Amino acid sequence: MSPAVAAGAGLYLHIPFCSAVCPYCDFAVLPTAAASSRRYVRALIGELAMLAEEELAFDTIYFGGGTPSALAAADLEAVLKAARGRLASAEDAWLAMEVNPEDVSPAALDGWRELGVSMLSLGVQSFQEEELRFLGRRHSPAEGERAVREALEAGFDVVSADLIFGLPGQEPGRLLDSIRKLVELDPQHISCYQLTVHEGTPFHRRRLQGRLLELGESRQGELYELVHTELSSAGYSAYEVSNFAKTKAGRSRHNQKYWDHTPYLGAGLAAHSFSGRRRWWNEPGFEEYCGRVEGGERPLAGSEELSDAELALEAVMLGLRRSAGLDLERLRTVYGVNLLERNAALIERYVEDGVAVADGRLRLTSRGFAVADAVARSLDLGLD
Ligand code: SF4
């Protein structure tokens, strides 16, 4: 069902546990329980063993979730051993891991360092007590600050911190406080995501009941601009719409694969894989996932073959979200799309309006980043 993934692929390992589920979260997560985490670790190792039949070679590994830091370092090590030992991976694969601030302690940091983690990504989200409570987070602003400080002192190559903006009623001053506090701590990498209300989440239900009022578009735009201006003046460059790094070495090597269509393999609950042409994904239900692996079966739930038109559209959408922009020559040679020729007048207008730069590649300015998806959709690719 799943074709072999080429060399230089990424490996994503999903750890679905969280001590409580945040009301805005639409990831495949479940509350942490010792018995189920033991069963899950066994199943994940079992799935990795089954993947050995494929010829895979990856050079980045990403522990995401959920909360990978909800598992003991020994469990993470066992998973990593299975991944490294059974797949044709580079021994020195670049390793990233998502962590919640409340799980950070000197002992935990030592454990993650010993695992070989290069990038530690902390779910800080805000330094405002009230905002953290609203988001259902379990840490305080002081714990967020301590976690970033201690992670930096522990000497990881890259420490990253996430912030969420666009909360109902959020004043620019509040967001500015959080950004400035984070910039003062000086992590190598920052991700800033706009709050999205996903269907099926408690926030979505509250919105339907009229108990959650989302920010208007103009305030969202104001906050978005504030994020970009403030981080850029602090020396963080936006290498992707939501991701900022001080240097090239500070960027996420793994996530860049999602954005440039490099193949990746996902293992674990609901994990997705991509071969460059085909996508496939795992069972999203805990019982189904574990049960199928325990029965000696791959836990696949579905797959799809992408057409040239779908791949080209994705390449445009993903390319325009990156500072490197869209490789027009590649688009022409791989998908037969001559974007400049088909959209000459429109692109000229985007350039005149300061939304885009066309210099062999098509790149959006920081103003253009704010409307990246709309720009991508406005372009005619001439494919059905
Ligand atoms: S900690 Fe992250 S993964 Fe877990 S429930 Fe909250 S948002 Fe979702």
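Numbering of residues begins at 1 and proceeds along the displayed sequence. Numbering of ligands and ligand atoms starts at 1, following listing order. Just so you know, these numbers use all the heavy atoms, side chains as well, and skip hydrogens, waters and symmetry mates. Note that the coordinates shown come from a computational prediction; the quantities given were computed from them, not determined experimentally.
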Ligand 1 contact on E102 by region, counting heavy-atom pairs under 4.0 Å: neither
May I ask you to establish whether K246 and Y236 are in a cation-pi arrangement, using a distance under 6.0 Å from NZ or CZ to the six-membered ring centre and at most 45° from the ring axis? yes
Distance below 2.8 Å from atom 8 (Fe) of ligand 1: how many protein N/O/S atoms qualify? 1
If the test is side chain to side chain donor-acceptor pair (under 3.5 Å), which one of Q188, E98, H189 qualifies with S160? H189
Among E47, E283, E294, find the one that has a side chain to side chain donor-acceptor pair (under 3.5 Å) with Y289. E47
Which other residues end up in the same hydrophobic cluster as W94, if Ile, Leu, Val, Met, Phe, Trp and Tyr are linked when side-chain heavy atoms come under 4.5 Å apart? M119, V158
Does the ring centre of F244 sit less than 6.0 Å away from the ring centre of Y239? no
Here the salt bridge (charged side-chain N to carboxylate O under 4.0 Å, His left out) pairs for residues 370-379, sequence neighbours left out, are R321-D373
Could you check atom 2 (Fe) of ligand 1 against the protein and tell me its nearest heavy-atom contact, residue, atom and distance included? R137 NH1, 3.8 Å
The atoms of ligand 1 lying under 4.0 Å from a heavy atom of N100, numbered in the order shown, are 1 (S)
Students should find that the hydrophobic cluster of L212, defined by side-chain heavy atoms under 4.5 Å apart, otherwise consists of Y24, F134, L135, I164, L167, L195, V197, F203
Taking the non-hydrogen atoms of R138, is any one of them nearer than 4.0 angstrom to ligand 1? yes
May I have the step-by-step check of side chain to side chain donor-acceptor pair (under 3.5 Å) for S273 and R279, ending in yes or no? CA-CA 6 Å; S273 303; R279 271 212 179 89; over 6 Å; no
